[in-house]
Protein chains: 2
Amino acid sequence: MDSAGRAKVPTIRDVARAAGVSHQTVSRVINDHPNISAATRLRVEAAMEHLSFRPSRVARALATSRTRTIGIISTDNGRYGPPKTQRAIEQAARDAGYFLSTANLAEVGHEPMRDAVDYLQDHGIDGIVLIAPQAEMLDAFAELAPRVPFVTVDSAGRGGGHSIAIDQAEGARLATRHLVSLGHRGIRHIAGPLDWLDSQARIRGWRTVLAQAGLEAREPLVGDWSAESGHRVASAIAEDPDATAVFVSNDQMALGLLSGLAAERKRVPEDVSVVGFDDVPEAGYFAPPLTTVRPDFSELGTTCLSLLLGQLSGENSSAPRPIKPDLVIRESTAPRADPLAGDAFRATGPTRPSGSP
Amino acid sequence: MDSAGRAKVPTIRDVARAAGVSHQTVSRVINDHPNISAATRLRVEAAMEHLSFRPSRVARALATSRTRTIGIISTDNGRYGPPKTQRAIEQAARDAGYFLSTANLAEVGHEPMRDAVDYLQDHGIDGIVLIAPQAEMLDAFAELAPRVPFVTVDSAGRGGGHSIAIDQAEGARLATRHLVSLGHRGIRHIAGPLDWLDSQARIRGWRTVLAQAGLEAREPLVGDWSAESGHRVASAIAEDPDATAVFVSNDQMALGLLSGLAAERKRVPEDVSVVGFDDVPEAGYFAPPLTTVRPDFSELGTTCLSLLLGQLSGENSSAPRPIKPDLVIRESTAPRADPLAGDAFRATGPTRPSGSP
DNA sequence: TCACGGATTGTGACCGGTAACAATCTGGAC
DNA sequence: GTCCAGATTGTTACCGGTCACAATCCGTGA
């Protein structure tokens, strides 16, 4: 189309020459400065259009030391929550006109964290979002004390105004309260890895409700988020005669548990009720469809980003409220079968969870 | 720790002053130039260490017009394959010392694609990886004819040396051949959206094997990758008396099918055998555990990146071979029950897939 | 008619590196 | 002792924008 000989990318000075103005005037047009006459502006815009000029962000970054780019630090080891969170933040950043750079740690630790932070800072990112499901990541990050604004997504909420999270404990309370309201008394818990803040918070929530109901909280079984680990602990549940319900810390482990209980000839929900956490898209198609807790990741993403953007513009925002999840009731939970007679409780059916007390 | 008054980031000239050399010499040390005396190098390195100097990538990018950053274009709509591919490429890029920028299209189309490409080019990325599971993305990208090196991950393999993919058709052949070898004759297919190249290739592979075996290929049922869509078409399978096996284009739809068949009182694998595609981590814990095709995403990632790196260094690499997937045999497939007597075929059991013909 | 203040535009330096070329130093051959 | 090539180092310009400040233009009140 163009008859240009060389594929040289036009600069601000080329545009200036074409429009018969100084390069500074072109810069002003680009940046919407107020005091530019309409005629000049039009002329410059025409020239930019004609040369299909696009300002170099690199040059601008060098001059202003701001890049309109934010960095995300995450890990690869998350099953569902962390990547989902990351996606949501990417979406929110894009909507806000920010560019995004990702730095995924190969493993958790100080060295990899330092690398990631250096990496991002070298590239002149304006701010960092840290997705820190483990306390260790939070600690490693805190020690580095990066010189840029940041927000952490962590269930510990340690960062004050720098921190945002799903209200994990509330989700766990919702799930456990649901089981209690169905008449269950032996309510077990399968936790995720104990160094995960999410696991810890979910354990806390489960404990709280059991204590309120005057029920015993056995030591939780511990998995690693994988379906395999859920499958592995199924026998412990099956062999526990008092266990009629299980709150599982994520849906994958719940799936594994379902499969393990089936192998042990236990029926869900007739013999054992199961509640998961995450509401993965497939949860409705497990056998049976899984009752589970649904966090709102997209709200998490937007809140997280607006928090960071607030910091970038120098505001001093207060700590946002953790995001309340919902309970999605499907078919893996049912009223506790009367231990004496057959099916009592049939009349009530699954009750909807009540609001917060 | 430091007694510096201002938190000013040190530049190459600060280091030069501290080491008593010219800034160019510092630059040479940074870039490992050969002709630097050992003494000078040590002195400069000490100064860099002391000032905790880190070269500005932004400035370097401006000077060299190379950023050691590659951009990934993808979409949000992929269930498992695309994000997994993205992760794998990120990993490979990190290993190769490259920085990564992601641009996820909100939707497929020319405008969003143009935005994404502009976005990345504005930031001076050295190359682009396009994850294009749909022909439309490939077309949109091709029209833009970006000025930078790129590699596409597409199952159409249209890009020649620019293209790499999982051998989808081979995966489908593996799956279908497995079902044929179990004695099935009514082998149906549930496809993904027809505008996906992956779907198309998997349909082709399925058709090929059926044709070779002299079996009829009914028009595939079409889903949207979701478990829900697999569930929806289950009744069509259940009501088809000749259908004793189904090859499903991904594991999520297979899960939905499993749940739908159970609702229709069809047993898997006794009445119907099911094979999926992807081998999601949970596939082994479906009810029953799913026989499925496992693509090697990490090989895809590394191959993809080495292809791109080859281009960056000006090599003219030839088109790489598509990556062969494996078949993972679990419990959702079994020999076809003899329509006349009871269980024939028991003797053989599931056969391992033979190598390529 | 002239000084004055705001609107508009231009000039030169600078951001922090790299590239190209010049200058100086060194040691070995003659 | 002199000369020359290669090793080492320094000087200056440049990448493509922005910033600070100066210069010019314009209408208005004195």
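It should be emphasised that the depicted structure is a prediction, and the values quoted were computed from it without experimental measurement. Protein chains get the first letters and strands the later ones, always in sequence-line order, with residue 1 at the start of each.
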Atom-pair distance ([atom1] on [X]; [atom2] on [N]), nearest Å:
| X | N | atom1 | atom2 | result |
| --- | --- | --- | --- | --- |
| B:Ile36 | D:dG6 | CD1 | C1' | 15 Å |
| A:Asn35 | C:dT8 | CG | C1' | 7 Å |
| A:Gln121 | C:dG16 | CD | P | 15 Å |
| A:Gln24 | D:dC19 | CD | P | 8 Å |
| B:Leu51 | C:dG17 | CG | P | 12 Å |
| B:Arg57 | C:dC15 | CZ | C1' | 18 Å |
| B:His33 | D:dG6 | NE2 | P | 19 Å |
| A:Arg66 | C:dC15 | CZ | P | 17 Å |

Base, sugar-phosphate alone, or nothing: which one does [X] contact when heavy atoms must sit under 4.0 Å apart?
| X | answer |
| --- | --- |
| B:Val58 | nothing |
| A:Arg28 | base |
| B:Ile30 | nothing |

Looking only at atom types and distance, does a side-chain atom of B:Ser27 sit under 3.5 Å from a main-chain N or O of B:His23, one as donor and one as acceptor?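 No, B:Ser27 side chain to B:His23 backbone: no donor-acceptor pair under 3.5 Å.
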Examine distances only and state if a side-chain atom of B:Ser52 and a backbone atom of B:Glu49 form a donor-acceptor pair shorter than 3.5 Å.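 Judged by distance alone, no pair lies under 3.5 Å.
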Measure from the side chain of B:Leu62, starting at C-beta and using heavy atoms only, and say which of C:dT9, D:dC19, D:dC15 lies closest.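 My answer, after comparing the listed nucleotides, is D:dC15.
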Side chain of A:Val21 only, please: which of D:dT9, C:dG17, C:dG10 is the nearest? C:dG10
Atom [atom1] of [X] and atom [atom2] of [Y]: how far apart are they, to the nearest 0.5 Å?
| X | Y | atom1 | atom2 | value |
| --- | --- | --- | --- | --- |
| B:Leu105 | B:Gln134 | CG | CD | 9.5 Å |
| A:His162 | A:Asp154 | NE2 | CG | 11.5 Å |
| B:Leu305 | B:Ile70 | CG | CD1 | 4.5 Å |
| B:Glu299 | B:Ile166 | CD | CD1 | 7.5 Å |
| B:Thr85 | B:Tyr80 | OG1 | OH | 9.5 Å |

Within the pair [X] and [N], is there a side-chain N or O less than 4.0 Å away from OP1 or OP2?
| X | N | result |
| --- | --- | --- |
| B:Ser22 | D:dG10 | yes |
| B:Thr25 | D:dT8 | no |
| B:Asn31 | C:dT18 | yes |
| A:Thr64 | D:dC19 | no |
| B:Ser27 | C:dT18 | yes |

Using heavy atoms and a sub-4.0 Å distance, could you list which residues of residues 38-47 of chain B are near DNA chain D? By number, please. B:Thr40
Between C:dG17 and B:Arg13, counting only base atoms on the nucleotide and side-chain atoms on the residue, is there a donor-acceptor pair under 3.5 Å? yes
Take B:Phe150 and B:Leu120 through the side-chain contact (heavy atoms from CB on, under 4.5 Å) test and state the conclusion after the steps. CA-CA 12 Å; B:Phe150 65 88; B:Leu120 293 174; over 6 Å; no
A:His23 vs B:Val26, nearer the 5' end of DNA chain C by closest nucleotide: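 Result: A:His23.
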